[in-house]
Amino acid sequence: MALSRDQIAMRVASEFKDGDYINLGIGIPTLAANYVPEDISVMLQSENGLLGMGPYPTEAQIDADMINAGKETVTAITGASIFNSAESFAMIRGGHVDFTVLGAFEVDVSGNIASWMIPGKLVKGMGGAMDLVAGAKNIIVTMTHADKHGNSKLLEACTLPLTGVSCINKIITDLAVVEVKDNEFHLLEIAPDVTIEEVKAKTAGKLTISNNLKVMAF
Amino acid sequence: MALSRDQIAMRVASEFKDGDYINLGIGIPTLAANYVPEDISVMLQSENGLLGMGPYPTEAQIDADMINAGKETVTAITGASIFNSAESFAMIRGGHVDFTVLGAFEVDVSGNIASWMIPGKLVKGMGGAMDLVAGAKNIIVTMTHADKHGNSKLLEACTLPLTGVSCINKIITDLAVVEVKDNEFHLLEIAPDVTIEEVKAKTAGKLTISNNLKVMAF
Amino acid sequence: MSGFNKVVTSYEQAMEGLQDGMTVIAGGFGLCGIPEGLIAQIKTMKTKELTVVSNNCGVDGFGLGLLLEDKQIKKMVSSYVGENALFEQQLLNGELEVELTPQGTLAEKMRAGGAGIPGFYTATGYGTPVGEGKEVKEFNGRPYILEESITGDFAIVKAWKADIFGNCVYRHTAQNFNPMAATAGKITVVEVEEIVPPGALEPSQIHTPGIYVNRIIQGDFEKRIERRVLAKEQGEG
Amino acid sequence: MSGFNKVVTSYEQAMEGLQDGMTVIAGGFGLCGIPEGLIAQIKTMKTKELTVVSNNCGVDGFGLGLLLEDKQIKKMVSSYVGENALFEQQLLNGELEVELTPQGTLAEKMRAGGAGIPGFYTATGYGTPVGEGKEVKEFNGRPYILEESITGDFAIVKAWKADIFGNCVYRHTAQNFNPMAATAGKITVVEVEEIVPPGALEPSQIHTPGIYVNRIIQGDFEKRIERRVLAKEQGEG
């Protein structure tokens, strides 16, 4: 069975290591913050200028001057730092953020990602996504394996305008965990009760099944 | 008679306008701070990261963490700001400093300046001089008109390695005030009891005498 | 001795000199840390054909969105826009031009503009539409694109506290693009919540040194919240 | 849950991993704001063939000058050197190489290194020996030279206060090159006067966010003054 959004987020969070600095995109990536293993601590970076992002505020804590990159009200943890946008992207572009997790429309076997623009639809902009994919040490893409019409989002070559080139290491979808390496997708893990055939059918780019293929447990 | 160091500094200070941000080099330029006209206020920038440099400290004020670009102990005025070296040179390079006053070995009619290196002698480095001449809106060079052997320092073309090109507007020497314009030196002012012939004799680059030539008064 | 007192007492004085066709760099991220009164003054002045450089363009009826109402903006340079219907409509009508710029590149372009750096290389946007037509150069085997700096005729900035010399500090994430904007205007105007006496700000803790600031005005801020999200009652992660 | 506690308790741990031939970026301006104990540790370790990037090279017997005594430095990248006899002697003997870099360019090279910007254009040094062999490009009719960024295997930094997460603040002009150095090391080690509890530093007032810092050690500083100049008794301008 395909994973729920929360299960994807859970699997993402299991990638984190103690002491990691992490930037989480909007949507499923943000949910991952709820599933950080209890024996580790990570610090969240929000690209509008906050390192050490905390949970959403209570009514009493709410402050118009305290928002995250999604423009939502937020809090800061003890030990947080707050800085300007140039400094924030110096961190990101300079490779100081350990993990970036973000959504995508398409990823291809070269590690290219398309996530910001669908020609013919109104384009709102890339925000910080291009900087994040160009700068982070490790990037995890979370998305559904196929679109609602069943078309694969894991392609031989992206068809949409790119967000970044040769930058994606790992994709965590509702069906599988896929590594991008040597111009191939490598199926590392598969969701419970999902068949290899289904993953194959929904992966347009070249897919190699790992010898150590694991079934994800929740 | 040739001006004293303090008279040169006094003449330099008369260029300053109320509200100017000024960077003063080591030597005569630094003396100019003593002669800022009483009816104006200027703010001194020290390129190691201090805007609003004050006088030298008293014994009680001395602090190892409070120095100027010459590595001398110094104080900060009320309203000063202190920042890192990248920020300091952002100010300088970005043209936010109104005046830079510095010494030189040679200046030429193209506004080139040589001030940091004499081949064959030990070179200590340019420090911030190259950034200052590349960035300041107005640069005043203070120096003796000729070296101790009587050789002109105002040349048709500098002979020493340059600090910057086409950047010098005005030269204030022990003999004269000279503007650099249209590939010529323009003699604007002359020191009391100094003859035009002496200035001419000690100016190797093309010199035009201003129609409004003034004698400096002290 | 008043050369360093940059306080002005009216919004007319604050924005004096703004003319049709000028480039205005604005601080702020969404509706957070925006110079509300200076934007309102630009609306009052009815200045047209503006190029506005700002991460976003406000919302309908607030922030930079106000300047869309009378079509004062010719071009936006932003990383993320279209939170407002008016923006979308003017864009589709061809009344508004947008130059989408990655957020980090936008911040660095402003900083570079203020710092006298006309261009810099970044990997951001290489191989994407952002990189099209831009010079590419390899460093250590990786391709980077050349991005040029941005400066403005005016910079409009929102600070928390400032002294009369223009030394500014920002509050929490209302800092965002404001410090870079402040460096990149030929005329930089700062609207502040509080003007404090000289010496009230610790010299080593000033975000924007006064040298970048030309005018300061005391503002009165609504501080509208764009996305009010609260913690769940219990068990919030 | 100890992933963010970066405090080490010995200088051996602080500089663990430093090897012959590495590049070390050091904060400080003259003798002001230098990581005294970390420099002493490098001397103790007798690491050789180092490239040291620092605005200056200390004085005879103090600061980075200590590393000259056993000829540990192969190359200095600095804007101003030679305040010490030993430096001059090793330079004239050809035992030491110097790459003179304008002070602002040096600061920006460090910042760029930390910020993932491999190169930037500056007018500084154009037409001078500094510009020789460098790419020239015109922007708005003015020529600029391309300068490349600097990163180091280690950065050694001196801060005033830091918390265990590595958030740092600097005191007065001891800030200087330290914040840029902190961003540009593969391993950044900060020697501080005081380690404060998490939360003791105001988040918006942190000069160096902890993300740049790998190790923190509590130091004990002599803070030698290079040029002690006092106000004249009276009439000081």
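In what follows, every heavy atom counts, from backbone to side chain, and hydrogens, waters and symmetry copies are set aside. Just so we're on the same page: letters track the sequence lines, and every chain starts at 1.
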Taking heavy atoms only and a threshold strictly under 4.5 Å, list by residue number the residues of residues 191-206 of chain C that touch chain B; give 'none' if the list is empty. C:Pro198, C:Gly199, C:Pro203, C:Ser204, C:Ile206
When only heavy atoms count and the cut-off is under 4.5 Å, which of residues 104-142 of chain C reach chain B? C:Arg111, C:Gly114, C:Ala115, C:Gly116, C:Ile117
For B:Lys137, does the NZ atom sit with more than 12 other heavy atoms under 6.0 Å from it, leaving out its own atoms? yes
C:Phe4 ring center within less than 6.0 Å of B:Tyr21 ring center: yes
Nearest atoms (heavy-atom pairs only) where C:Gly210 meets B:Leu51: N-CD2, 4.4 Å
Heavy-atom pair with the smallest gap, counting every atom of C:Asn167 and B:Ala80: ND2-O, 4.3 Å
Distance in Å, C:Ile211 CD1 paired with B:Asp98 CG, rounded so as to fall on 0.5 Å steps: 7.0 Å
Given a strict heavy-atom distance threshold of 4.5 Å, which part of B:Gln45 is in contact with chain C: side chain, backbone, both, or neither? neither
Where does B:Asn84 contact chain C at under 4.5 Å (heavy atoms): side chain, backbone, both or neither? neither
Sort out for me which of B:Leu50, B:Val42, B:Ile92, B:Ile77 touches chain C most, counting heavy-atom pairs under 4.5 Å. B:Val42
